[in-house]
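The next block holds one structure in the form of structure tokens; read it before the comments.
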Amino acid sequence: MVQLSSLEEYFYYRCKLNLHSCFYLAVTLNEIPTGEQLIDALRETIKSHPKTHCTVTIPKDGSKPEMKNLTDVSIHLDDVVEYSPWEELDAGAMNSIFKNYSFAFDNGKPMWKIIILEKSKQLVFALSHIIFDGMSSTYFASTFMEKLNSVEKTVLDLPKDILYSSGDNIDLAPHPYEKLPISWAWWAKRSLVKLLLKVSPGVVMNTDPGLLQFKSYNFPDDFIESSASDSKEFEVKNNNTQKLLRIDQNVLPKLMKDCKDRGVSLNTFLVTLFAVALTKVDKNVLKNGKKVNINIPISTRNFCHKSLGVDETELQIGDFIAGMEYCRDLDSMSDDKFWETSKEVQTFIKDFVDTQIPDAINTAKLLDIANVEDFIREKVQRAYGVGPSAAFEVSNLGFCKFGNETDDRDRKYYVTDAFFNQPQGFSNIFTCSVITTHIGGLTCSISYPSELTTDIQPVWDYVDGILEIYK
């Protein structure tokens with residue numbers, strides 16, 4: 001067993017308070033594998049990734065939660081695979097996943113599940129954010145696809161429906177963030193934050209009243225069913241409207257060339273696209289200020305490998321992300337400044353990746369000095385009457401091969417499309433979850449409050465219009 005890092009503990013209490021159930025990565029296959037093929041592939045996949053046979057437990061002495069291996073129970077097929085009657089992964093199914101699929105702690109079962117939609121030939125990897133981040137989902141699904149295509153038949157002394165069984169305790173290493181030295185400057189910041197949390201917590205936790213918000217999105221009434229008391233959990237509505245933005249594989253090269261010629265990445269283009277699109281919203285439906293705060297999760301795997309000496313294989317499954325916020329005044333953006341804005345976003349992201357990741361990690365580690373459960377509860381409650389701390393989030397998993405180095409349709413099983421999505425949250429008004437594949441091209445799952453259906457429509461009209469140029 002190993003204590004959760006402060007980042008993992010943050011995700012743990014978000015789940016414990018019912019503020020986050022799961023996120024998912026869905027892959028569409030050319031063909032659904034048989035039950036036996038699933039068993040063989042999953043056995044090998046679970047062996048390849050130790051954290052997939054772990055859970056979270058609270059020690060009897062009440063100290064910090066720990067991650068532990070499932071040594072006293074076996075993992076059965078029914079524990080992690082479920083055949084769904086859904087014909088397709090539509091908005092109702094998406095919201096149903098976020099409402100109904102969460103993972104209990106220390107109940108003898110792992111913290112993930114594969115939901116199979118046979119008619120649409122889809123495997124939906126529903127995953128706990130305590131064990132997985134977005135990139136972890138692609139490693140997990142890629143390993144599964146590789147094993148599905150390579151494993152002939154596992155020869156294990158296990159009953160047919162058992163995927164994993166071990167009485168051996170595995171060595172779980174502390175999170176790599178624990179290796180990062182804390183400078184004197186950060187020790188001083190820790191002391192200051194600790195004092196502020198005691199005497200003036202609003203300085204640390206209040207939502208900026210100058211951030212852009214929508215009048216018709218009432219927080220928390222449109223986010224949770226009822227407010228949680230000190231002893232109760234929240235109940236997130238998870239009734240968001242779901243929109244799918246798609247850029248066909250035949251269109252992507254033209255768009256990517258345009259981005260390259262302008263010196264920006266595709267991800268930067270998408271961030272700019274949604275930010276500028278907000279200028280098309282009728283100003284009468286907005287409230288508070290004009291600051292557009294944007295969340296852009298950044299993978300820290302490269303930093304952990306190069307600067308902290310962590311083996312790349314240890315960075316596949318887990319939470320290795322840093323929170324990056326980019327803030328822009330609404331009036332500073334316009335159509336004719338699109339590429340200028342995009343270059344400024346690109347410069348900001350590059351500087352963050354090159355120089356700011358250690359500070360971002362140390363910022364996350366400030367939770368070491370807080371009661372994380374109380375911090376999250378109060379952070380949410382202090383946003384009551386104001387709104388989320390960001391307008392939107394763009395989370396991009398990039399180009400995913402899923403075991404295919406090329407568009408190789410000669411393999412028995414291959415991915416024809418993929419979708420990444422996350423539940424309604426308290427940090428953003430809407431989320432944009434992006435993934436790209438050989439065959440399916442780019443998909444962006446956009447999730448936004450149903451109360452904004454009319455007010456936010458100009459955003460989607462603008463986005464569709466810009467992308468139409470590249471068709």
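In what follows, every heavy atom counts, from backbone to side chain, and hydrogens, waters and symmetry copies are set aside. Position 1 is the first residue of the sequence, and the numbers go up from there.
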Worksheet item: Any side-chain heavy atom of V124 within less than 4.5 Å of one from I97?
Response: yes
Worksheet item: Taking atom types as modelled, is there a side-chain donor on Q122 or T28 under 3.5 Å from an acceptor on the other?
Response: yes
Discussion item. Other residues, nucleotides and ligands only: do more than 12 of their heavy atoms fall within 6.0 Å of CG on D171?
Written reply: no
Discussion item. Tell me if the aromatic rings of Y414 and F402 count as close, with their centers under 6.0 Å from one another.
Written reply: no
Practice prompt. Step through the shown structure and confirm whether more than 12 heavy atoms of other residues, nucleotides or ligands are within 6.0 Å of NZ on K280.
Written response: yes
Worksheet item: Checking N293 side chain against S389 main chain: does a donor-acceptor pair fall under 3.5 Å?
Response: yes
Worksheet item: Does the T55 side chain pair with the main chain of D106, one donor and one acceptor, at a distance under 3.5 Å?
Response: yes
Worksheet entry | Option passing side-chain contact (heavy atoms from CB on, under 4.5 Å) with V434 (candidates N396, N267, I446, L397) | N396
Fill in: Shortest non-hydrogen separation from D417 to G440 and the atoms involved
OD1-CA, 3.5 Å
Worksheet item: Can you name the one residue among Y139, F125, F11, W112 that meets side-chain contact (heavy atoms from CB on, under 4.5 Å) with F132?
Response: W112
Worksheet item: What closest approach, in Å, do S136 and R301 show between heavy atoms, and which atom pair accounts for it?
Response: OG-NH2, 3.1 Å
Worksheet item: Taking everything shown except K343 itself, do over 12 heavy atoms lie less than 6.0 Å from its NZ?
Response: no
Worksheet item: Where the side chain of S433 meets the backbone of S395, is there a donor-acceptor pair that is under 3.5 Å apart?
Response: no
Discussion item. Donor-acceptor pair, distance only, cut-off 3.5 Å: does the side chain of D248 make one with the backbone of G441?
Written reply: no
Fill in: CD/E312: more than 12 non-hydrogen atoms of other groups inside 6.0 Å
no
Worksheet item: Is it true that the side chains of S21 and S102 contain a donor and an acceptor less than 3.5 Å apart?
Response: no
Worksheet item: Among side-chain atoms of Y101 and E82, is any donor-acceptor pair under 3.5 angstrom?
Response: yes
Worksheet entry | Side-chain donor or acceptor of Q424 paired with backbone N/O of N238 under 3.5 Å | yes
Discussion item. Ring-plane angle category for F219 and Y217, please: parallel below 30°, perpendicular beyond 60°, tilted otherwise.
Written reply: perpendicular
Worksheet entry | Heavy-atom pair of closest approach, residues I469 and K254 | O-NZ, 3.6 Å
Fill in: Positive for side-chain contact (heavy atoms from CB on, under 4.5 Å) with L245, one of C444, S445, C432
C444
Worksheet item: Hey, does the side chain of S128 reach the backbone of I130 with a donor-acceptor pair shorter than 3.5 angstrom?
Response: yes
Practice prompt. Measure the NZ-CG distance between K51 and D319 for me, rounded to the nearest 0.5 Å.
Written response: 7.5 Å
Discussion item. Around atom NZ of K243, are there more than 12 heavy atoms from other residues, nucleotides or ligands closer than 6.0 Å?
Written reply: yes
Fill in: Student check: side-chain heavy atoms of T347 and K350 closer than 4.5 Å
no
Response to the item:
Closest non-hydrogen contact found for L17 with I376 is CD1-CG2, 4.0 Å
Item to complete: Could you tell me whether K215 atom NZ has more than 12 heavy atoms of other residues or ligands within 6.0 Å of it?
Response: yes
Worksheet item: Do N295 and E393 have side-chain atoms, one donor and one acceptor, less than 3.5 Å apart?
Response: no
Worksheet entry | Heavy-atom neighbours of M324 CE exceed 12 at 6.0 Å | yes
Worksheet item: Between T57 and M1, what is the shortest heavy-atom contact and its length?
Response: CG2-SD, 3.8 Å
Worksheet item: Where the side chain of E66 meets the backbone of V56, is there a donor-acceptor pair that is under 3.5 Å apart?
Response: no
Worksheet item: Q37 side chain to T34 main-chain N or O, any donor-acceptor pair under 3.5 Å?
Response: yes
Worksheet entry | D79 side chain to I75 backbone, donor-acceptor under 3.5 Å | no
Worksheet item: So, do F214 and F430 sit near enough that their side-chain heavy atoms are less than 4.5 Å apart?
Response: no
Item to complete: Using the ring-ring contact (aromatic ring centres under 6.0 Å, His included) rule, take Y462 and F274 through it: C-alpha gap first, then chi angles, then the decisive distance, then the call.
Response: CA-CA 9 Å; Y462 176 80; F274 291 111; 9.8 Å; no
Worksheet item: Would the F399 and H438 ring centres measure less than 6.0 Å apart?
Response: yes
Practice prompt. Report yes if the side chains of M111 and L127 come closer than 4.5 Å at any heavy-atom pair, otherwise no.
Written response: no
Worksheet item: Under 4.5 Å between any side-chain heavy atoms of I131 and F103, yes or no?
Response: no
Discussion item. Just checking H175 against F320, ring centres under 6.0 Å apart?
Written reply: yes
Worksheet entry | Whether N240 side chain and Q242 backbone form a donor-acceptor pair below 3.5 Å | no
Discussion item. Looking only at the side chains, is there a donor atom on one of D455 and S216 sitting less than 3.5 Å from an acceptor on the other?
Written reply: yes
Fill in: Spacing of CG belonging to L367 relative to OH belonging to Y10, to within rounding of 0.5 Å
8.0 Å
Worksheet item: Tell me, do P33 and Y413 make a side-chain contact under 4.5 Å, heavy atoms counted?
Response: yes
Worksheet item: Would a line drawn from the ring center of F98 to the ring center of Y24 be shorter than 6.0 Å?
Response: yes
Worksheet item: With a cut-off of 6.0 Å (strictly less than), are more than 12 heavy atoms of other residues, nucleotides or ligands near CD of E87?
Response: no
